[in-house]
Amino acid sequence: MITVYFDGLCYPKNPGGVAAYGYLVSRGGEIVHKGFGAVGEGRGMTNNVAEYEALMAAATWLIDEGIDEKILFKGDSELVIKQMNGQYKVSSATSKKYVPEIKKLLDGRDVSFSWVPREENEEADRLSRMGYEGHMRRKKRERDSI
């Protein structure tokens with residue numbers, strides 16, 4: 001079985017900061033892949049956008065790698081987990097964009113979603129901060145090159 005931990009952040013303000021994400025993929029307790037990145041900055045960026053982008057990036061990686069095993073996604077966003085499980089209504093523009101897109105991406109696969117406390121999601125949180133820091137370094141390089 002594959003287990004994916006994912007997390008997102010929007011910093012230094014939510015909404016409107018830098019939305020960044022991180023995820024890690026493990027098989028039998030052994031990490032097989034880590035990923036992180038930044039979604040964007042400013043208008044439209046929220047922690048929920050970052051959480052969904054983390055989930056989408058992880059799902060895309062699994063599909064690109066041809067992994068077709070049972071997959072358990074674990075995240076500390078109650079909203080994202082419960083929307084993906086169909087327990088919460090999908091009503092915001094963000095959810096209406098991401099939930100169907102992710103479900104379509106994972107269609108036909110044996111997937112489940114489970115909420116975990118923040119303390120059990122520390123590595124994905126660390127990776128999301130790496131996504132944020134990488135974005136800030138790129139911005140600094142761009143400013144310095146002008």
Side-chain angles (χ1 to χ4, degrees), residues 1-11 14-142:
M1 180 171 79
I2 297 292
T3 303
V4 177
Y5 287 87
F6 69 95
D7 200 17
L9 62 79
C10 190
Y11 187 80
N14 181 46
V18 175
Y21 65 86
Y23 67 91
L24 65 108
V25 179
S26 67
R27 178 185 284 124
E30 186 175 322
I31 295 172
V32 295
H33 181 73
K34 295 179 181 183
F36 58 88
V39 182
E41 182 175 1
R43 186 173 174 86
M45 296 297 109
T46 67
N47 62 326
N48 291 333
V49 166
E51 294 277 354
Y52 277 116
E53 285 284 343
L55 184 52
M56 188 159 3
T60 300
W61 184 85
L62 291 165
I63 290 164
D64 288 349
E65 292 298 308
I67 295 173
D68 196 20
E69 301 166 43
K70 180 176 174 58
I71 305 164
L72 172 59
F73 290 96
K74 293 185 173 188
D76 59 24
S77 169
E78 182 178 352
L79 175 75
V80 171
I81 296 299
K82 289 197 171 187
Q83 284 183 329
M84 293 307 299
N85 279 329
Q87 296 168 283
Y88 278 4
K89 186 177 179 183
V90 174
S91 55
S92 73
T94 297
S95 299
K96 285 180 178 179
K97 173 187 175 190
Y98 285 105
V99 172
E101 195 172 331
I102 294 167
K103 285 187 175 189
K104 183 178 178 185
L105 194 58
L106 296 170
D107 189 43
R109 298 180 184 275
D110 186 359
V111 300
S112 57
F113 300 89
S114 178
W115 178 85
V116 294
R118 186 164 294 185
E119 302 78 46
E120 292 180 30
N121 207 27
E122 288 177 349
E123 180 64 11
D125 177 70
R126 186 183 72 77
L127 290 165
S128 68
R129 283 184 269 120
M130 288 175 65
Y132 169 79
E133 291 162 4
H135 175 80
M136 297 309 290
R137 281 192 301 273
R138 281 188 299 281
K139 269 184 64 172
K140 184 179 182 328
R141 279 194 306 270
E142 289 171 8

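Computed from a predicted model, the values in this text were never measured in an experiment.
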Derivation of the side-chain contact (heavy atoms from CB on, under 4.5 Å) call for S114 and L72
CA-CA 7 Å; S114 178; L72 172 59; 3.8 Å; yes
Could you note down all residue pairs passing ring-ring contact (aromatic ring centres under 6.0 Å, His included) where residues 59-84 supplies at least one of them, sequence neighbours left out?
H33-W61, F73-F113
Using modelled atom types and a 3.5 Å cut-off, is there a donor and acceptor pairing between side-chain atoms of N47 and backbone atoms of L9?
no
Less than 4.5 Å apart, side chain to side chain, heavy atoms only: is that true for R126 and M130?
yes
Once side chain to side chain contact (heavy atoms under 4.5 Å, CB included) is applied, do any residues pair with K104, and if so which ones, sequence neighbours excluded?
none
Between E41 and K139, is there a side-chain N and carboxylate O pair less than 4.0 Å apart?
yes
What's the separation between atom CD in E122 and atom CD in E120, rounded to the nearest 0.5 Å?
9.5 Å
Any sub-3.5 Å donor-acceptor pair from D7's side-chain atoms to D76's backbone N or O?
no
Does V80 offer a backbone N or O that forms a donor-acceptor pair with the side chain of S77 under 3.5 Å?
yes
Stepwise, does the salt bridge (Lys or Arg N to Asp or Glu O under 4.0 Å) test hold for R129 with D125?
CA-CA 6 Å; R129 283 184 269 120; D125 177 70; 2.7 Å; yes
Identify all side-chain donor-acceptor contacts of residues 49-57 below 3.5 Å with residues at least two apart in sequence or on another chain.
residue : atom : partner : partner atom : Å
E51     : OE2  : G8      : N            : 3.4
Y52     : OH   : Q83     : OE1          : 2.3
E53     : OE2  : Y98     : OH           : 2.6

In sequence, state the C-alpha distance, the side-chain angles, and the governing distance for L24 and V4, and then conclude on side-chain contact (heavy atoms from CB on, under 4.5 Å).
CA-CA 6 Å; L24 65 108; V4 177; over 6 Å; no
